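These values consider heavy atoms only, across backbone and side chains, with no hydrogens, waters or symmetry-generated copies. Computed from a predicted model, the values in this text were never measured in an experiment.
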Amino acid sequence: MTTAALILAAGEGTRMKSDLPKVAHLVLGVPMVRLVFDTARSAGCDPVVVVTGHGADIVEALLPGERCVRQEGQLGTGHAVMSAAGALKGFSGSLLILSGDTPLMRASTLAGLVRAREEAGAAVSVLTARIADPTLGRIVRDGAGSVIGIVEHKDAEPEQLAIDEVNTGTYCFDAGLLFAHLDRLGAANAQGEYYLTDMVAILRSAGLGVVAVETDDPAEGMGVNTRVQLAAATRALQTRVNTAHMLAGVTMTDPSLVWVSPGVRLGRDVVIQPMTTLSGDTSVGDGALIGPSTRIEDSLIGEGAIVDSSVVRGARVGACATVGPMGFLRPGTVLAPDSKTGAYVEVKNSTIGEGSKVPHLSYIGDARIGRDVNVGAGSITCNYDGCEKHRTVVGDGAFIGSDTMLIAPVEIGAGAVTAAGSAIARDVPQGALGIERTEQRNVEGWADRRSARSGTDTQGSRTQP
Ligand code: UD1
Ligand code: CA
């Protein structure tokens, strides 16, 4: 039988003190609600429905094509579930309910929670944790140790506040039994809200089974309500992700200074140096050396490539290619294997051919550079005339002299040369020299005459009167 999931993500998150809805905040580069959604998917849940409300447009844009239902007026977690009743009509079986603000939950834990409910034939299984967070709901058990309810900290008696087993906000319900009893929720509590947590006592007093599963990784229960907890969750997920990569053969010289988003793929013997962030749809091939001080987003880095102190977005870096230091590769950049873009080089929407080098201080935009081309220091493509972008094509084996302005649209033939300092606005045929310079004129004795006039010698120091 399939398991459905319902993710509660309609709350404002007042304690974040933010214009952004809480679940849209990033943990290790990924919006929290997206992390929770992907975990539900990897636990095999189908459908996965998300309850949105506060900032719904923003939250739904983070889940393109996924099923969202709106909760009108955020009257509590129980009310959020009520607003999803229509969307889940007719579904019977295990329904996981997750909080959009609890991003460290693991798929295997969710599967265990479902199993625990189904094996016990219980109406609900609750995931609990032992963490010292005074704001979480407490798990109340009877003398025999059975769970009889959950009490919110604002409603708890002093002796209940001493309970160290807390509610992670993650449950597996028998969907039929949940919706059959949902109208019994009331809002007579300290916050005047419909608490989903009250369902535990309601089901129990209806004579139905309630079980609790305690997670062995308390980080899973970390709810994010404040920016302090956002940072703590980021740190915990960073440790979890980096540990897995290191155990799989990645070297991190200081893992506390490396941020790798979930979903980024790293090969064997990759080395990541400090102050480096890898995010989005990114993969790094075996033996690549990344960092220090590097940011890579949505890019493919080939085997053995080196990316030093650079920013790489939406680019493909071929095997054994090198980038930086201080490089900037923008979307649409393709560096072929063994090519090089060096210090202070920016490339956008361009292909740099195999073995070609752009070593220093260049801008290459909307260009196709062939194989074994050398682009001298300071050369740039003038691709934008103020209205439109134009292309530059450089043939295989061409030599672009330092400080060449390639005024696009323009094509440099294979094996052609441009003279240093030239502004090249017309095509240069294959094998030709393109030179655009006014001829140099030397004025003999000019410097000596100037110093005689101003009373300084040619070295610039004052001559004696
Ligand atoms: C909730 C639990 C608490 C548990 C904690 C775990 C309740 C009453 N309390 O408290 O026992 O220890 O989570 O982290 O459930 N939401 C909606 N609509 C609403 C209100 C909330 O969708 O009307 C969503 C929020 O966006 C959030 C989640 O539900 O993702 C939890 O809400 P939150 O207000 O953070 O509950 P807690 O006070 O943390
Ligand atoms: Ca919370």
Side-chain angles (χ1 to χ4, degrees), residues 29 260-261 263-267 270 272 276-384 388-398 400 404-412:
V260 181
S261 294
V264 169
R265 300 163 300 280
L266 304 178
V270 166
I272 305 185
T276 293
T277 302
L278 305 176
S279 64
D281 184 9
T282 290
S283 86
V284 179
D286 293 352
L289 174 56
I290 311 294
S293 302
T294 290
R295 195 171 91 220
I296 300 179
E297 298 168 10
D298 298 316
S299 296
L300 303 180
I301 310 296
E303 292 183 10
I306 297 175
V307 182
D308 180 1
S309 311
S310 294
V311 174
V312 178
R313 288 172 29 217
R316 273 165 42 205
V317 175
C320 299
T322 70
V323 178
M326 310 302 162
F328 184 18
L329 304 186
R330 292 166 50 202
T333 296
V334 177
L335 301 192
D338 298 308
S339 62
K340 169 180 176 147
T341 59
Y344 301 99
V345 172
E346 174 176 340
V347 185
K348 183 214 74 171
N349 188 32
S350 296
T351 302
I352 311 284
E354 199 162 330
S356 291
K357 295 184 171 59
V358 187
H360 331 275
L361 298 154
S362 284
Y363 170 62
I364 306 293
D366 304 307
R368 194 176 79 233
I369 310 267
R371 300 165 68 108
D372 299 316
V373 170
N374 190 86
V375 177
S379 295
I380 66 168
T381 54
C382 310
N383 60 327
Y384 185 47
E388 283 179 70
K389 304 284 170 67
H390 301 282
R391 289 193 64 76
T392 298
V393 177
V394 178
D396 294 347
I400 306 299
T404 297
M405 303 292 109
L406 294 161
I407 302 171
V410 70
E411 185 161 347
I412 311 298

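Considering CD1 of I296 and OG1 of T276, their distance stands at 7.5 Å, rounded to 0.5 Å. Going from atom CD1 of I301 over to atom CG of D286 covers 13.5 Å, rounded to the nearest 0.5 Å. Taking CD1 of I352 as the reference point, atom CG of L329 lies at 9.0 Å (rounded to 0.5 Å). To the nearest 0.5 Å, atoms NZ (K357) and OG1 (T322) are separated by 8.5 Å. Expressed to the nearest 0.5 Å, how far OG1 of T392 lies from CZ of R368 amounts to 11.0 Å. Expressed to the nearest 0.5 Å, how far CD1 of I400 lies from OG of S362 amounts to 10.0 Å.
The heavy-atom pair separating N374 from P359 by the smallest distance is OD1-CG, 4.5 Å. Of all heavy-atom pairs between G376 and S379, the closest is O-OG, 3.0 Å. Residues S310 and P325 come closest through the heavy atom pair OG-C, 4.3 Å. Minimum interatomic distance between S339 and G353 (heavy atoms only, all atoms of both residues): CB-O, 3.5 Å. In terms of heavy-atom proximity, G370 sits nearest to D396 at CA-OD1, 3.3 Å.
Between I380 and C382 the shortest side-chain heavy-atom distance falls below 4.5 Å. Considering only heavy atoms from C-beta on, V307 comes within 4.5 Å of V312 through its side chain. Looking at heavy atoms from C-beta onward, H390 lies out of side-chain contact with L406 at the 4.5 angstrom threshold. The shortest distance between side-chain heavy atoms of I290 and V284 falls below 4.5 Å.
S350 pairs by the side-chain contact (heavy atoms from CB on, under 4.5 Å) definition with V347, I364, A367, not counting sequence neighbours. Listed by chain and number, the residues in a side-chain contact (heavy atoms from CB on, under 4.5 Å) with V264 are V260, S261, L266, L278, T282 (sequence neighbours excluded). Applying the side-chain contact (heavy atoms from CB on, under 4.5 Å) rule to A336 yields the partners E354; only residues at least two apart in sequence or on another chain are considered. Looking at residues two or more places apart in sequence or on another chain, you find a side-chain contact (heavy atoms from CB on, under 4.5 Å) between R330 and F328, E346, K348, Y363.
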V317 and L300: CA distance, side-chain angles, deciding distance, side chain to side chain contact (heavy atoms under 4.5 Å, CB included) verdict
CA-CA 6 Å; V317 175; L300 303 180; over 6 Å; no
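Remark: side-chain polar atoms of T333 are not paired, donor with acceptor, to backbone N or O of A315 under 3.5 angstrom. Of the possible polar contacts, none joining the R313 side chain to the V311 backbone as a donor-acceptor pair under 3.5 Å is found.
Residue pairs meeting the salt bridge (Lys or Arg N to Asp or Glu O under 4.0 Å) criterion with at least one member in residues 331-345, sequence neighbours excluded, do not occur. Every pair passing side chain to side chain donor-acceptor pair (under 3.5 Å) that includes a residue from residues 287-307 is listed here, sequence neighbours excluded: R295-E297.
None of V394, V358, T341 except one satisfies the side chain to side chain contact (heavy atoms under 4.5 Å, CB included) rule with V375; the exception is V358.
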